[in-house]
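Before any comments, here is the structure.
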Amino acid sequence: MTSAPIVVHRPSLLGGRRVTVHSSGRDEILGTAYSDHDLVVFLEGAGVADPEAILDDPRWVE
């Protein structure tokens, strides 16, 4: 893996951040996060077992 599989993009004009996950050779948009809670919910929905544990891990989240 050359980069983190989960990317939290820069803020949009409305303030939210798009969240994408790289899986099976493609990027999938999980949604727009307006808080850490939103990000945790998206990651749980994507099947991440303990999303709160990886939020600050650069191997997982960029």
Side-chain angles (χ1 to χ4, degrees):
M1 175 174 32
T2 59
S3 65
I6 301 160
V7 178
V8 180
H9 298 268
R10 69 180 61 183
S12 71
L13 294 175
L14 299 175
R17 293 174 178 258
R18 184 175 47 178
V19 179
T20 57
V21 63
H22 188 78
S23 176
S24 302
R26 65 185 193 91
D27 291 332
E28 177 184 346
I29 298 171
L30 298 180
T32 302
Y34 292 91
S35 67
D36 286 349
H37 174 75
D38 291 346
L39 180 54
V40 167
V41 170
F42 293 151
L43 297 179
E44 286 174 341
V48 175
D50 189 8
E52 292 175 355
I54 68 162
L55 289 183
D56 294 324
D57 186 340
R59 294 174 295 172
W60 282 96
V61 179
E62 178 180 315

(message) If you apply the rule side chain to side chain contact (heavy atoms under 4.5 Å, CB included), what do you find for Asp56 with Val61, and how did you get there?
(response) CA-CA 7 Å; Asp56 294 324; Val61 179; over 6 Å; no

Residues 7-21, side-chain donor-acceptor partners within the protein, below 3.5 Å, at least two apart:
unit_1 : atom_1 : unit_2 : atom_2 : d
His9   : NE2    : Thr20  : OG1    : 3.0
Ser12  : OG     : Leu14  : N      : 3.2
Ser12  : OG     : Gly15  : N      : 3.4
Ser12  : OG     : Gly16  : O      : 3.2
Arg17  : NH1    : His9   : O      : 3.3

(request) First locate atom CG of Asp50, then atom CG of Leu55, and finally report the distance between them rounded to the nearest 0.5 Å. (result) 9.0 Å

(message) Please enumerate all residues that pass side-chain hydrogen bond (donor to acceptor under 3.5 Å, both in side chains) together with Asp57, with sequence neighbours excluded.
(response) Arg59

Donor-acceptor pairs under 3.5 angstrom involving side-chain atoms of residues 31-41: please list them, not counting sequence neighbours.
unit_1 : atom_1 : unit_2 : atom_2 : d
Ser35  : OG     : His37  : N      : 3.4
Ser35  : OG     : Asp38  : N      : 3.2
Asp38  : OD2    : Tyr34  : N      : 2.8
Asp38  : OD2    : Ser35  : N      : 3.4

(request) Might you confirm whether atom CD of Glu44 has over 12 heavy atoms from other residues, nucleotides or ligands at distances under 6.0 Å? (result) yes

